[in-house]
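A, B, ... follow the sequence lines: proteins, then strands. Residue 1 opens every chain.
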Amino acid sequence: MKIFNSYTNKLEEFKSIHKGVVNMYVCGPTVYNYIHIGNARPVIFFDTVRRYLEHREYKVNFVSNFTDVDDKIITKALELEVTEKEVTDKFIAAFLKDVERVNSSTDYTKPRVTNYMDHIINYIVILVKKGYAYVVEGDVYFRVTNVENYGGLSNRNIDDLISGSRVEVNDKKENPLDFTLWKKTDVGIKFDSPWGKGRPGWHTECVAMIDDIFGEKIDIHGGGSGLMFPHHENEIAQSMVLNNHTLAKYWMHNGLLNIGGSKMSKSEGEVVLVKDLTVDANAFRLFTLSTHYRSPITYTDEALDVYVKEWEKISRIYSALFLKLDLEDSLVGNSKINPDLLATYKELLTAMDNDFNTANAITALQNLTKISNQMIRNKTENSVLLSALKLFENFFEILGLKLKKQPLSIDDKNTYKLWLKARTDKDFAKADIYRDTLQEKGII
RNA sequence: GGUCCCGUAGCCAAGUGGCUAAGGCAAUGGACUGCAACUCCGUGAUCAGCGGUUCAAAUCCGCUCGGGACCUCCA
């Protein structure tokens, strides 16, 4: 299995630090608003990564944080005249609902910044003590120039960054690139610290959480490519000072989702919220996974419609297989795989093994769909159809697609048989009535 | 101003040095079918442009054009 490591910019053979276990961390949301479908991309993608690793029989320890201390949260709380906690509780609940809405697992460890304040402050104290951070009037800044290889992840060098014309002007900083570890605040929620009341900067929480939860370098650190600089760069810098390692063995970054020619962003432009999605979650998932995760995706209604149809096609054949086997009491029993079916499974593994090439995995699923349609048409024996059905379930499990069928009741089976009989007897009036009944129940 | 990414058929998209450039949607011809739906079979591109490296390039290098990201909170 190969993973493209953003840290080395290379496709590398994946080898977990501990045999059979993968420790992974994905940067989670700042909870001050509903998430949009661009935010859903890393949710879906890293959920798929997890599913595949589990399919490959790794025990995956999946952690993703909630940033529940932030200026935007404070602003929102003031605006709504509620406490910060009320804001974050509301949007954490909303986030988890959206995660479920896109068929992703919510069964993971979810640390919050407010529960990590002691750890964070403790880290900042150490950074100051070691000379990598400095205190100015109640603020604490990280001294970027002291870290060797700063910019290694995003392939930037300090000189290029400084020459950039958009670097923020802040007289308190020794260097414009230095980032805030602790910020003295007057407005909103604040916490006690050795430097006075304030709140932590954004970049320390992930390091503190990873260190506390895993206690060592982890296997995979994921997030959107927008986080690579400066967030992940800053995480690495702090981790190097604190623990002398780069925090994660493999860094993975997903590309952004664009709409109307530019990226979807909460602060500007057009946004589609996950909670407002009207299409089937499976279709949305297929859409998201149909482009390689490192490439940008452009959202359009038309593109999404293609996958609505695609999912209908896939669910139709799955249902047809299930129905046929059910009617012939062949849902349990021996299954027999044939070379064509086996080839699609191998295609799936090959695709996913190659840096989670979900686009090709979906192609494999489409091939399975076509083959299954051919087999039903060719009256292939049930044991083979059963293995096709089971293979679909493997695909669904890995890609996070949800489709559950229940065996028919005796009555429904009878109706189905009556329909077939009426057709054989060319009693089409009666046949149409049975067909309507079956269609109403969603059986055919 | 600096750094970086991308440009494959009408649309989406895989492929990043070597057989006839995957797959899907749309279109179109055919088959199946009581009707409809579904489904199956067939049909399309030399890879933005130009130049170079190589026995061999969509894939590497250079330039040009076009689109985008980052350098500020952002998945």
K.L.:
Check RNA chain B against residues 23-30 of chain A and give the residues with a non-hydrogen atom under 4.0 Å, in numerical order.
P.N.:
none

K.L.:
If the C1' atom of B:U54 is compared with that of B:C60, how far apart are they to the nearest Å?
P.N.:
10 Å

K.L.:
Take atom CG of A:Asp178 and atom P of B:C71, then tell me their distance rounded to the nearest Å.
P.N.:
17 Å

K.L.:
Figure out the CG/P separation between A:Asn155 and B:U3, and round it to whole Å.
P.N.:
13 Å

K.L.:
So, A:Asn234 and A:Tyr150: side-chain donor and acceptor under 3.5 Å apart, yes or no?
P.N.:
yes

K.L.:
Taking salt bridge (Lys or Arg N to Asp or Glu O under 4.0 Å) as the definition, give me every residue that meets it alongside A:Glu328, ordered by chain and number, with sequence neighbours left out.
P.N.:
A:Lys324

K.L.:
Taking the minimum atom-to-atom distance to the side chain of A:Lys263, which one of B:C74, B:C40, B:A36 wins?
P.N.:
B:C74

K.L.:
Are A:His203 and A:His232 close enough that their ring centres sit under 6.0 Å apart?
P.N.:
no

K.L.:
Rounded to whole Å, please give me the gap between CG in A:Leu321 and C1' in B:C38.
P.N.:
14 Å

K.L.:
Answer with base, sugar-phosphate or nothing: what part of the nucleic acid does A:Leu257 contact at a heavy-atom distance below 4.0 Å?
P.N.:
base

K.L.:
Provide the Watson-Crick or G-U wobble partner of B:A13, both distances under 3.5 Å; none if there is no partner.
P.N.:
none

K.L.:
Kindly list each side-chain donor-acceptor pair under 3.5 angstrom involving residues 418-426 of chain A, sequence neighbours excluded, with atom names and distances?
P.N.:
unit_1	atom_1	unit_2	atom_2	d
A:Trp419	NE1	A:Ala431	O	3.4
A:Lys421	NZ	A:Asp425	OD2	2.8
A:Thr424	OG1	A:Leu420	O	2.8

K.L.:
When the distance from NE2 of A:His253 to C1' of B:C70 is rounded to whole Å, what number comes out?
P.N.:
12 Å

K.L.:
At under 4.0 Å between heavy atoms, what does A:Phe428 touch on the DNA or RNA strands: base, sugar-phosphate, or nothing?
P.N.:
base

K.L.:
Looking at A:Tyr52, A:Tyr250, A:Phe4, which one forms a ring pair (Phe, Tyr, Trp, His ring centres under 6.0 Å) with A:Phe14?
P.N.:
A:Tyr250

K.L.:
For A:Gly222, answer base if it contacts any base atom (sugar-phosphate contacts may also be present), sugar-phosphate if it contacts only those atoms, and nothing otherwise; contact means non-hydrogen atoms under 4.0 Å.
P.N.:
nothing

K.L.:
Under a 3.5 Å cut-off for both distances, is B:A21 Watson-Crick or wobble paired, and to whom?
P.N.:
none

K.L.:
With distance as the sole criterion, is a donor-acceptor pair present between the side chains of A:Thr437 and A:Glu440 under 3.5 Å?
P.N.:
no

K.L.:
Quick one: on RNA chain B, does A:Lys72 or A:Ser295 contact a more 5' nucleotide (nearest heavy atom)?
P.N.:
A:Ser295

K.L.:
Using the C1' atom as the reference point in each nucleotide, state the distance between B:C32 and B:C40 in Å, no decimals.
P.N.:
8 Å

K.L.:
Just grab all the side-chain hydrogen bond (donor to acceptor under 3.5 Å, both in side chains) pairs involving residues 385-402 of chain A, residues at least two apart or on different chains.
P.N.:
A:Tyr318-A:Glu393

K.L.:
Would you say the base of B:C41 and the side-chain of A:Arg377 have a donor-acceptor pair closer than 3.5 Å?
P.N.:
no

K.L.:
Taking only N and O in the side chain of A:Arg435, is any of them less than 4.0 Å away from OP1 or OP2 of B:A36?
P.N.:
no

K.L.:
Sticking with atom P, work out how far B:G1 lies from B:U64, rounded to a whole angstrom.
P.N.:
14 Å

K.L.:
Please measure how far the C1' atom in B:U28 lies from the corresponding atom in B:A21, and state the result in whole Å.
P.N.:
23 Å

K.L.:
What distance, rounded to whole Å, do you find between the two P atoms, one in B:C73 and one in B:C50?
P.N.:
43 Å

K.L.:
Aromatic contact between A:Tyr34 and A:Phe95, with the criterion being ring centroids under 6.0 Å apart: yes or no?
P.N.:
no

K.L.:
Over all strands shown, is A:Asn373 touching base, sugar-phosphate only, or nothing at heavy-atom distances under 4.0 angstrom?
P.N.:
sugar-phosphate

K.L.:
Both distances below 3.5 Å, Watson-Crick or wobble geometry, any strand: find the nucleotide opposite B:U54.
P.N.:
none

K.L.:
If I take atom CG in residue A:Asp355 and atom C1' in nucleotide B:G15, what distance separates them, rounded to the nearest angstrom?
P.N.:
14 Å

K.L.:
Quick check on RNA chain B: between A:Ala431 and A:Thr291, whose nearest nucleotide comes earlier from the 5' end?
P.N.:
A:Thr291

K.L.:
In the structure shown, which nucleotide is the Watson-Crick or G-U wobble counterpart of B:G7, with both distances under 3.5 Å?
P.N.:
B:C65

K.L.:
How far, in whole Å, is B:C74 from B:A36 if one measures between their C1' atoms?
P.N.:
50 Å

K.L.:
For A:Asp432, answer base if it contacts any base atom (sugar-phosphate contacts may also be present), sugar-phosphate if it contacts only those atoms, and nothing otherwise; contact means non-hydrogen atoms under 4.0 Å.
P.N.:
base

K.L.:
Base, sugar-phosphate, or nothing for A:Leu256, non-hydrogen atoms under 4.0 angstrom?
P.N.:
base

K.L.:
Residues in side chain to side chain contact (heavy atoms under 4.5 Å, CB included) with A:Thr344, at least two apart?
P.N.:
A:Asn367, A:Leu368, A:Ile371, A:Leu391, A:Phe395

K.L.:
Using a 4.0 Å cut-off on protein heavy atoms (strictly under), produce a 5'-to-3' string for nucleotides 20-29 of chain B with B for base contact, S for backbone-only sugar-phosphate contact, and - for none.
P.N.:
--BSSSS---

K.L.:
Has A:Asn357 got a side-chain N or O lying under 4.0 Å from the OP1 or OP2 atom of B:G15?
P.N.:
yes

K.L.:
Which whole-number value in Å describes the distance from A:Trp419 CH2 to B:G34 C1'?
P.N.:
12 Å

K.L.:
Would you classify A:His292 as touching base, sugar-phosphate or nothing, given that sugar-phosphate means primed atoms plus P, OP1 and OP2, and contacts are heavy atoms under 4.0 Å?
P.N.:
sugar-phosphate

K.L.:
Would you say the rings of A:Trp311 and A:Phe396 are close, in the sense that their centroids are separated by under 6.0 Å?
P.N.:
yes

K.L.:
Who passes salt bridge (Lys or Arg N to Asp or Glu O under 4.0 Å) against A:Asp353, sequence neighbours left out?
P.N.:
A:Arg56

K.L.:
For A:Lys441, which residues count as a salt bridge (Lys or Arg N to Asp or Glu O under 4.0 Å) partner, sequence neighbours excluded?
P.N.:
A:Asp412

K.L.:
What is the pairing partner of B:C40, taking Watson-Crick or G-U wobble pairs with both distances under 3.5 Å in any strand?
P.N.:
B:G30

K.L.:
Whole Å only: how far is the CE atom of A:Met228 from the P atom of B:C73?
P.N.:
17 Å

K.L.:
Quantified in whole Å, what is the C1' atom distance between nucleotide B:C5 and nucleotide B:U46?
P.N.:
24 Å

K.L.:
Would you tabulate the side-chain donor-acceptor contacts of residues 298-310 of chain A under 3.5 Å, counting partners in other chains and residues two or more places apart, or write 'none'?
P.N.:
unit_1	atom_1	unit_2	atom_2	d
A:Tyr299	OH	A:Asp301	OD1	3.0
A:Thr300	OG1	A:Ala303	N	3.0
A:Tyr307	OH	A:Ser290	OG	3.4
A:Glu310	OE2	A:Gln366	NE2	3.2

K.L.:
Write down the distance separating the C1' atoms in B:A22 and B:U53, rounded off to the nearest Å.
P.N.:
28 Å

K.L.:
NE2 of A:His232 versus C1' of B:C70: gap in Å, rounded?
P.N.:
14 Å

K.L.:
Under 4.0 angstrom, heavy atoms only, what part of the nucleic acid is A:Gly223 near: base, sugar-phosphate, or nothing?
P.N.:
sugar-phosphate

